[in-house]
Each structure stands twice: as C-alpha cells, then as structure tokens.
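What follows is one structure encoded as structure tokens, with my remarks underneath.
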Amino acid sequence: MSDAAKKNVLVVDDSRMSRMMIRAIILDRRPGWNVIEAGNGDEALQKVAEQAVDYATLDINMPGMDGFEVAERLHAGYPNIRVCLLSANIQESSRLRAEAVGAGFVKKPITEASIGLALEFLERA
Amino acid sequence: MIQQPDCSTLSVDLFCGLLNHLEEGIILLDCKGGVMFWNVWMTRMSGVSLKAAKGNTLPEIFPSLMKTRVPGAITWALQRKLPSVLSTSLNPSPFPLGDDHVVEQSIRVMPLDLKDGFGYAMVQIDDVSAIVERERILRLRARQLRDLALIDPLTGVANRRRFQEYFDNEVRRHQRRNQVLSLIIFDVDYFKHYNDTYGHSRGDECLISICMIVNAALHRAGDMLARVGGEEFAILLPDTEAEGAAKMAEEVRQAVEDAAIPHADSLVARVVTISLGVASVSLMPNISGSDLYSAADGALYDAKDAGRNGWRQLKLGNAESGS
Amino acid sequence: MSHTVHLTEDEQDALREIFNVGLGYAADSLSLMVNDEVTLSVPALSIITREQATTTFQGILPGSFSGVLQRFEGGFEANAVLMFPGDKSLELVRLMVGDQVALEDMNDLEQEALTEVGNILLNSCVSAMSDTVGGTFSSSLPEYVSGYPGDILPEFPPEMDHILLLNIDFTLERRDIKGFLLFMMQLESIEQFKTATMKYMNQFL
C-alpha cells in the first residue's frame with residue numbers, strides 16, 4: 001500500500017491551543033501533510049482563495065461566522081474540499097446541517113480518537 | 001438511664017420499616033444500576049413488586065424511562081458520583097406511576113458511598129401532583145386578575161386602560177388606511193343629583209343599566225363601549241362615518257330615555273337621560289388621537305350647553321363636506 | 001496575601017476549551033429536554049481574588065441574581081455557582097419550561113427547573129474538568145440560590161480565596177442570555193488545575 005499522498009489540510013478554530021493540538025495529531029498520523037491554520041471564518045476563506053486545500057476541519061463555535069456557515073461557503077465555492085466539523089455539541093439539528101453540505105461531524109474533545117475519526121471521514125472517497 | 005442504641009445495633013428490618021413508611025419513593029441501586037431495594041410506596045405506585053424488580057435496572061423494568069433523563073442521571077451518579085435533580089416542569093412524569101391519573105414527580109438521583117469500595121446510587125421520587133395543581137390554579141387566578149385589569153369591575157365594560165389601547169390602535173389604523181372613524185363621548189345628565197337623591201348603590205345600578213342599554217344598541221364587532229370616567233363613557237365606532245355615528249348617538253340617547261329610569265331631581269326630564277358628543281373623521285390621516293378626543297369632548301360640551309338629553313356632532317377632515 | 005493569577009492567552013484558550021466541551025455536553029442534554037437548539041459557550045474567563053469580587057460584580061452583575069450552587073470535592077475543593085441576572089434567569093426558565101405567564105417572581109416549580117439547568121451545567125463542567133486533569137469529584141445536591149453577589153460570596157469558606165470566573169452565553173430560541181459560572185477555590189487548587197490542563201493539552205505537542 002502506498003503512503004498517503006501529501007495533502008493540504010486547513011484547520012479552522014478560534015482556539016490557538018486547539019489548532020496546535022489538531023495540527024500535532026494530524027502530523028503524527030500523517031507526517032508529510034501540510035497543515036494550514038485559520039483563526040476564524042474570514043481567515044479560512046482567505047486561505048482557500050490563496051492556496052489549494054484538500055481537507056478542512058472546522059470548529060463550530062467561533063465568533064463571527066460559525067463553522068456551519070464556513071462549511072456552507074466552502075461547499076458552494078470549493079466543492080472539492082472535504083470538510084469535517086468538530087464540535088462539543090451533537091444536537092440533531094447540527095448533524096442535519098452538516099449533512100446538508102456534505103460535511104462530516106465529529107464530537108469534541110480533541111483527542112487522538114476524535115481526530116482519527118475526522119481523518120477517516122476526510123479520506124473516504 | 002435509657003441509652004440510645006447506636007445505629008450499628010439496629011436491625012435492617014427496622015430501617016426497611018422506616019423506609020417503607022415514607023410517603024415518597026426510595027430506590028437503592030447497585031453499581032450496575034440494578035435494583036437492590038425499593039420501598040412499599042414504589043411497589044404501590046408502580047404496581048411492580050420488589051421481588052420482580054430486584055436485580056433489574058430501572059429501564060429494564062420501565063422501558064419508557066429510556067426517553068427520559070433518568071438513565072443519564074443514574075450513570076452520572078454511579079460512574080462519576082455526581083448528584084442530579086430532575087425537576088417536575090422539565091421532566092414530565094418519567095416513572096409510570098398511578099394507574100388512572102398522572103403523577104407529577106420531583107426526582108433526585110444521588111451517589112451513595114457505603115464505604116465498601118463499591119458505588120451505589122439512590123433514587124428519591126416525590127409525588128408533587130398537589131403542588132403542581134396548586135400552581136396551575138394560582139396561575140389561572142393571576143391570568144383572571146390580569147384580565148380584570150382591563151375591565152371596569154362595576155359595569156363589566158372596557159375600562160379606561162383598555163379603551164386607550166384600542167383607541168390608539170384604531171387611530172393608527174385610520175392614519176394608515178385613511179378610513180372613517182367616529183368617537184362618541186357621553187355622560188349621565190345630573191348624575192350627582194341622582195346619587196344625592198337615590199344613594200350611590202342606586203347610582204351604580206343606574207350606570208350598569210345604561211351600559212346594558214348602550215351595549216344592546218351596538219351592532220358591529222369592532223364597536224367598543226368603555227367607562228372612561230366616574231359617569232363618563234366612550235363609544236368607539238371604527239369604520240363608521242358621520243351619518244352612521246349620528247344615527248347611533250340618537251339611537252342610544254332615545255334608548256336610555258325610553259328605559260324610563262326615574263330621576264326626580266333631573267332638571268331635564270323625569271327620567272335618566274344622557275348627553276352625547278360625537279366626533280367623526282374622514283380622510284384626515286394626520287389627525288391625532290387627542291384631536292379626535294377633544295373634538296368629541298367639545299361636542300359633548302355643546303350638547304350640554306344646548307339643554308342636555310341630546311347630542312352634537314363635529315365632523316373633521318372630509319367629513320365636513322358631508323351633512 | 002492573595003495575588004492575581006495571570007493567564008496567558010494559551011492558558012485562557014486551553015481552559016476555555018475544556019469548559020466549552022463540558023458545556024457542549026450540557027447543551028445537548030438541555031436541547032433534548034426542550035426539543036430545540038441550545039448552545040452554550042464560554043466566550044471569556046478570568047481568575048480574580050475574593051477581594052476583587054465585589055468590585056468585579058458591581059460591574060458585571062450589579063443587580064440581583066438567581067442561580068444554582070454545588071459544592072465539589074475530590075481532586076480539589078470548589079464551590080461552584082451558576083449565576084444569571086434576576087430577570088434573565090426568569091426568562092431562561094420560562095423559555096425552558098415553555099410557559100409565558102407574567103408573574104414577577106419565580107415560583108417553586110420554576111426554581112426547581114432552574115436548579116436542574118444549573119445542575120446539568122455544573123455537572124458537565126466538572127466532568128470535563130475531571131476528564132482532563134484526572135481525579136474524581138463528588139458533590140452536594142444542587143441548591144437554588146438568589147440575592148446579590150456581594151451578599152453570597154462572603155458566605156463561602158475564607159480559604160477559598162480565588163474565583164475562576166467564566167462568562168457563559170446561553171442561547172435558546174434565538175434568545176441570548178448571558179450569565180456567569182464561578183468556581184470559588186483555593187489559589188493552590190486553581191494553579192493545580194491550570195497546570196494539569198496545560199499538561200493535558202501539551203501531551204499532543
């Protein structure tokens with residue numbers, strides 16, 4: 001089996017600690033991937049305009065644009081980017097909103113296991 | 001001297017007896033959530049014997065519990081040693097208790113440390129149906145009181161506050177839609193004399209009668225009769241033009257006169273009469289509520305000046321061109 | 001002598017993340033109860049001394065409050081109080097219970113409902129804390145409390161000389177209600193918690 005091709009992952013979360021943790025876990029499991037960070041929705045959209053992005057993990061609870069809005073915008077403007085939402089909330093309405101834009105949904109806290117699930121979703125064809 | 005026995009010598013039977021005397025449900029769960037004990041109240045209310053319950057978890061005994069917060073609270077108690085309150089208002093009757101009536105419940109789930117290395121939990125269920133019923137009644141009363149605040153307690157017609165609300169609304173509507181609107185203000189001729197002659201109780205009865213008579217004359221759903229002063233009343237007639245308002249004023253005046261309520265001390269007639277001021281506005285979107293009210297008031301003054309037991313009308317806006 | 005505990009941005013970040021996760025769980029529970037979307041978040045947190053509390057509350061919660069108190073012990077001891085401004089707590093309960101009767105005060109049933117909401121929030125937060133930093137906690141039954149912060153805070157044991165103060169945003173039916181969550185603790189315990197949190201976060205880095 002060949003190594004996973006080098007991918008560009010955008011990590012969007014208003015918590016720097018969270019971004020650092022997600023980056024660390026991703027790089028631990030997929031060394032060689034390129035992790036790009038954004039602290040909010042606007043920054044995220046800026047980054048995808050500047051460079052090619054394959055995958056994105058989105059925190060839901062962010063000031064300004066929440067994760068759902070970012071997911072919806074990405075779905076509209078950059079449909080080839082696979083998106084996974086990370087949230088402490090797992091309400092039914094949240095799941096449905098995620099599904100509606102083809103995004104995955106994984107429950108926080110950020111752990112090896114939860115990021116592992118996110119990667120599984122992102123890499124699914 | 002009688003010594004109080006210490007707990008360790010008291011028998012389990014005594015404690016069970018104690019728990020069985022309580023007028024609330026007590027359930028003891030083992031570390032897996034299985035029922036170890038529950039008291040007679042539980043048996044009586046659930047219809048399930050302790051023998052049948054023992055060893056089973058509560059959701060196994062009452063499957064409908066799965067849709068409630070109870071299982072989660074038990075988990076919290078057993079696994080994390082945290083207590084939970086399940087309030088009556090947010091948790092509608094989680095346990096199926098009582099055959100033919102709903103039993104409102106207030107539930108506490110608490111971790112129990114029996115110092116033997118295992119985690120236990122206790123579920124306490126209070127029947128608060130009486131409290132809930134009492135609150136329901138209190139709320140109903142409060143609502144009724146609030147309604148009363150918009151009704152004149154003596155005559156049962158709208159009070160000043162209600163009238164003001166409605167009046168402001170209709171004036172606004174007139175301003176927006178530019179339709180016709182009429183206001184009648186009337187009072188009882190020589191009412192003070194009536195009270196002096198017949199007493200205040202009869203005075204009250206007189207006002208009640210007049211309201212009944214006037215109400216009978218109103219025929220549109222939107223028309224409102226209100227008591228705006230001691231013996232002063234207003235009739236708001238939305239969508240009614242000058243001619244219609246004048247007709248109404250005359251109808252009402254006549255009806256009161258026809259009722260022939262004796263008024264020996266009136267300087268106008270031998271019976272109770274009323275004087276009315278009518279203000280009608282048409283096609284005048286910039287008219288204010290106070291303008292309209294002043295106009296009706298002025299017309300009432302004119303009616304009194306002209307000898308009472310009559311009405312005068314002021315037409316505003318385009319209504320002036322009508323007769 | 002007590003002194004202020006300064007939190008770096010990363011530390012604030014890390015602590016907020018723990019509480020956000022805990023509150024997320026609480027929001028899910030509440031959402032199931034009212035069959036509507038509920039969000040809970042911690043936009044900010046700080047650590048103040050007991051002495052600073054009076055002044056702080058004069059600014060953020062000048063009037064009366066209603067709330068829920070639980071005393072935790074185990075990994076550390078903390079008196080946790082969830083506080084909402086008086087009128088907001090009424091609004092919150094009525095949104096949860098779905099009853100709009102305009103009586104001025106909370107009746108017994110409504111107080112109990114608020115107690116349950118507070119209980120869910122506090123249990124969830126402490127669970128998240130213990131998951132992160134280890135140790136188990138036990139707690140007293142939740143109590144409804146109300147009054148003025150200036151009156152309540154002095155009642156707590158003097159050795160709890162610091163307060164971990166969280167701003168709470170509670171959203172239900174598009175209404176946003178702001179409240180506070182306080183953990184009254186010993187300075188040592190707060191430092192302990194902070195250290196354990198950073199250790200937990202850093203294990204991935």
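Chain letters run A, B, ... following the sequence lines, proteins first and then strands; every chain starts at 1.
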Engaged part of [X] at the chain B interface, taking heavy atoms whose separation is under 4.5 Å:
| X | result |
| --- | --- |
| C/T136 | neither |
| C/I120 | both |
| C/S140 | backbone |

Which residue, C/Q70, C/E73, C/R71, forms the side-chain hydrogen bond (donor to acceptor under 3.5 Å, both in side chains) with C/S139?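 So, applying the side-chain hydrogen bond (donor to acceptor under 3.5 Å, both in side chains) to C/S139 and each of C/Q70, C/E73, C/R71, only C/Q70 qualifies.
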Got a salt bridge between C/E116 and B/R69, using NZ or NE/NH1/NH2 to carboxylate O under 4.0 Å?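 Yes, charged N to carboxylate O under 4.0 Å.
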Does the side chain of B/S290 pick up a donor-acceptor pair with the side chain of B/S288 at under 3.5 Å?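 On atom types as modelled, these side chains qualify, holding a pair under 3.5 Å.
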Chain C contact via B/T68 - which portion, at a heavy-atom distance below 4.5 Å: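 Neither part, no heavy atoms under 4.5 Å.
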So what's closer than 4.5 Å to chain C heavy atoms on B/V128: side chain, backbone, both or neither?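 It is neither, since no heavy atom gets under 4.5 Å.
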Taking every non-hydrogen pair under 4.5 Å, which of B/M110, B/K67, B/R80 racks up the most with chain C?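 If we count pairs closer than 4.5 Å to chain C, B/R80 comes out on top.
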Please determine, among B/G72, B/S106, B/P111, the option with the most heavy-atom pairs under 4.5 Å with chain C.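 When all of B/G72, B/S106, B/P111 are compared, B/S106 has the most.
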For B/F95 and B/F62, I'd like to know if the aromatic rings sit close, meaning centre-to-centre distance below 6.0 Å.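 Ring-ring flag for B/F95/B/F62: true, centres closer than 6.0 Å.
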Ring centres under 6.0 Å, that's the criterion: do C/F19 and C/F183 meet it?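 Centroid distance C/F19-C/F183: below 6.0 Å, so yes.
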Which of parallel (below 30°), tilted (30 to 60°) and perpendicular (above 60°) describes B/F163 and B/F167?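 Plane angle under 30°, so parallel.
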